2 protein chains.
Amino acid sequence: MEHRIDRIKKQLHAQSYKLTPQREATVRVLLEREEDHLSAEDVYLLVKEKSPEIGLATVYRTLELLSELKIVDKINFGDGVSRYDLRKEGAAHFHHHLVCTECGSVEEIEEDLLEDVEKIVKNDWGFQVKDHRLTFHGICKQCQQETANTTT
Amino acid sequence: MEHRIDRIKKQLHAQSYKLTPQREATVRVLLEREEDHLSAEDVYLLVKEKSPEIGLATVYRTLELLSELKIVDKINFGDGVSRYDLRKEGAAHFHHHLVCTECGSVEEIEEDLLEDVEKIVKNDWGFQVKDHRLTFHGICKQCQQETANTTT
DNA sequence: TATAAAAAGATAATCATTATTTATAATTAA
DNA sequence: TTAATTATAAATAATGATTATCTTTTTATA
Ligand SMILES: [Mn+2]
Ligand SMILES: [Mn+2]
Ligand SMILES: [Zn+2]
Ligand SMILES: [Zn+2]
């Protein structure tokens, strides 16, 4: 945890931004809930638990800043709010998501899986890929099993 | 054009919805601007040119309905508005997009390209894929050339 | 034709996000 | 150190996309 915070601190300093107490509190929430996909409001409420004096606008500003620095990725699952997701340490690309249309669960895939596709995009379209967003919609393992059980 | 309209009419009827004049006008705009990625507001303004009496809420309702029937796909490029994209005829999955971070252009890829990835998702995660969203962010061919020209 | 249901129009309400304005904390120059 | 300068935060107003509501119109059905 402290190691990750230090790393992020350095990334901020490299662009001459400071890791203020409010920013640190926000980053800590993101680290603590790394496998979740929190909205700005979610982050705000969680930060408030430890730092009740923080303002919502500050959380928005911090998330915006962290997005610019590619420390977090902004993602949209189509439910009307943006969600913020810490980039995995040292990852060049954003990771992928499996969204279950039955139960709403979100699983993460850290493996790249797109090397071949990116080669095709490069060769056939002449497009130089910098990043990507890949989300699969479907039915998660658990929901499949539950359906199978109900049917039998 | 008329053929596509007929097809969509049947898809609506199959779910006991009607192709009202307002819905038809909306669908015609989507067909005429098939390679674009229009927001609800964009669609509204274009429909108004031919059918000035239509209301914005009706356009929203129609786009929502067409989304439910998988005639259009709702997509979000992170600029604060939802965009609506006609699904290619007979396509099982949504097509892919190349978004240029320099000029903002959006290219479409109709080829699937994800067969292998979906197999891995199925086998390794037990996730049954129903649909997907894949967007690459990067630099389009033209912008690359312009940069090259400027440099030389 | 009378009645019921579906859809549309008009517009108000909601709500996520952004902008603004004022206050506070950190840096820098004198 | 003290006085500017700058960066950041807090509070809150404004914006703008989307949704909800309420009334009217159109379409289907008895
Ligand atoms: Mn994630
Ligand atoms: Mn498209
Ligand atoms: Zn599930
Ligand atoms: Zn470009």
Side-chain angles (χ1 to χ4, degrees), chain A residues 8-9 11-30 37-69 71-85, chain B residues 8-9 11-30 37-69 71-85:
Chain A
I8 289 167
K9 191 173 186 173
Q11 286 178 265
L12 285 166
H13 285 168
Q15 310 281 331
S16 58
Y17 292 111
K18 292 170 253 186
L19 184 66
T20 64
Q22 292 88 344
R23 287 175 182 165
E24 181 170 337
T26 304
V27 168
R28 279 186 190 279
V29 162
L30 292 172
H37 299 87
L38 305 172
S39 67
E41 181 87 26
D42 294 337
V43 174
Y44 170 63
L45 293 173
L46 288 165
V47 173
K48 255 183 114 74
E49 289 178 7
K50 302 242 176 100
S51 313
E53 71 293 348
I54 202 166
L56 176 58
T58 301
V59 171
Y60 269 102
R61 273 187 299 248
T62 301
L63 292 171
E64 181 63 26
L65 177 62
L66 295 172
S67 288
E68 272 168 31
L69 301 186
I71 294 165
V72 307
D73 285 296
K74 199 172 173 176
I75 190 173
N76 194 301
F77 290 135
D79 60 349
V81 293
S82 293
R83 297 182 179 278
Y84 298 86
D85 207 0
Chain B
I8 289 167
K9 191 173 185 173
Q11 286 179 266
L12 285 167
H13 285 169
Q15 309 283 330
S16 59
Y17 291 111
K18 293 168 252 186
L19 184 65
T20 64
Q22 292 88 345
R23 286 174 183 166
E24 182 171 337
T26 304
V27 168
R28 280 187 190 278
V29 162
L30 292 172
H37 298 88
L38 304 172
S39 67
E41 180 88 27
D42 294 337
V43 174
Y44 170 64
L45 293 173
L46 288 165
V47 174
K48 255 183 114 74
E49 290 179 7
K50 301 242 175 103
S51 313
E53 71 291 348
I54 201 167
L56 177 58
T58 301
V59 170
Y60 269 103
R61 274 187 295 242
T62 301
L63 292 171
E64 181 63 27
L65 177 61
L66 295 172
S67 288
E68 272 169 31
L69 301 186
I71 293 165
V72 306
D73 284 297
K74 199 172 175 177
I75 190 174
N76 193 300
F77 290 135
D79 60 350
V81 294
S82 293
R83 297 181 177 279
Y84 298 86
D85 207 359

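Just so we're on the same page: letters track the sequence lines, and every chain starts at 1. All values reported here derive from a predicted model rather than from experimental measurement.
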Handout entry: Tyr44(B) OH to dG16(D) P, straight-line distance once rounded to whole Å
Key = 16 Å
Practice task
For Tyr60(A), enumerate each residue passing the side chain to side chain contact (heavy atoms under 4.5 Å, CB included) test, keeping only those at least two apart in sequence or located in another chain.
Solution key: Ala40(A), Leu56(A)
Practice task
Report, as yes or no, whether the 6.0 Å neighbourhood of atom NZ on Lys48(B) holds more than 12 heavy atoms from other residues, nucleotides or ligands.
Solution key: yes
Problem - Nearest-Å distance for atom pair CG/P, residues Leu19(A) and dT8(D) - result: 11 Å
Handout entry: Pairwise distance CG(Leu65(B)) to OG1(Thr58(B)) - rounded to 0.5 angstrom
Key = 12.0 Å
Using nucleotides 23-26 of chain D, report all nitrogen or oxygen pairs with the protein that are shorter than 3.5 Å.
none

Exercise for the section: Check Arg83(A) against Asp42(A) and note the closest heavy-atom contact, atom names and distance. Expected result: NH1-OD2, 3.6 Å
Exercise for the section: Working to the nearest 0.5 Å, report the span between OG1 of Thr26(A) and CG of Leu46(A). Expected result: 10.5 Å
Exercise for the section: Grab the CD-C1' distance between Gln22(A) and dT8(D) for me, whole Å please. Expected result: 8 Å
Fill in the blank from the handout: Between the CG atom in Leu38(A) and the CG atom in Leu45(A), the distance rounded to the nearest 0.5 Å is 10.0 Å
Contacts under 3.5 Å, N or O only, protein and nucleotides 17-21 of chain D:
residue: dT18(D); atom: OP1; partner: Ser82(B); partner atom: N; Å: 3.0
residue: dT18(D); atom: OP1; partner: Ser82(B); partner atom: OG; Å: 3.3
residue: dT18(D); atom: OP2; partner: Tyr60(B); partner atom: OH; Å: 2.5
residue: dT18(D); atom: O5'; partner: Tyr60(B); partner atom: OH; Å: 3.3

Problem - Enclosure of Phe77(A) CZ (heavy-atom neighbours >12, cutoff 6.0 Å) - result: yes
Fill in the blank from the handout: The side chain to side chain contact (heavy atoms under 4.5 Å, CB included) partners of Ser82(B) (sequence neighbours excluded) come to Lys74(B), Asn76(B), Tyr84(B)
Fill in the blank from the handout: CG of Leu19(B) to CD1 of Ile8(B), rounded to nearest 0.5 Å, is 8.0 Å
Completion exercise
Under a 4.0 Å heavy-atom criterion, DNA chain C is touched by chain B from dA6(C) to dT11(C)
Handout entry: salt bridge (Lys or Arg N to Asp or Glu O under 4.0 Å) contacts in which one or both residues fall within residues 14-26 of chain B, not counting sequence neighbours
Key = Glu24(B)-Arg28(B)
Practice task
Calculate the interatomic distance between Leu12(B) atom CG and dA28(D) atom C1'; express it in whole Å.
Solution key: 17 Å
Fill in the blank from the handout: Residues Val72(B) and Leu63(B): closest non-hydrogen pair is CG2-O, 4.0 Å
Exercise for the section: Starting from P on dA9(D), measure out to CD1 on Ile54(A) and report it in whole angstrom. Expected result: 8 Å
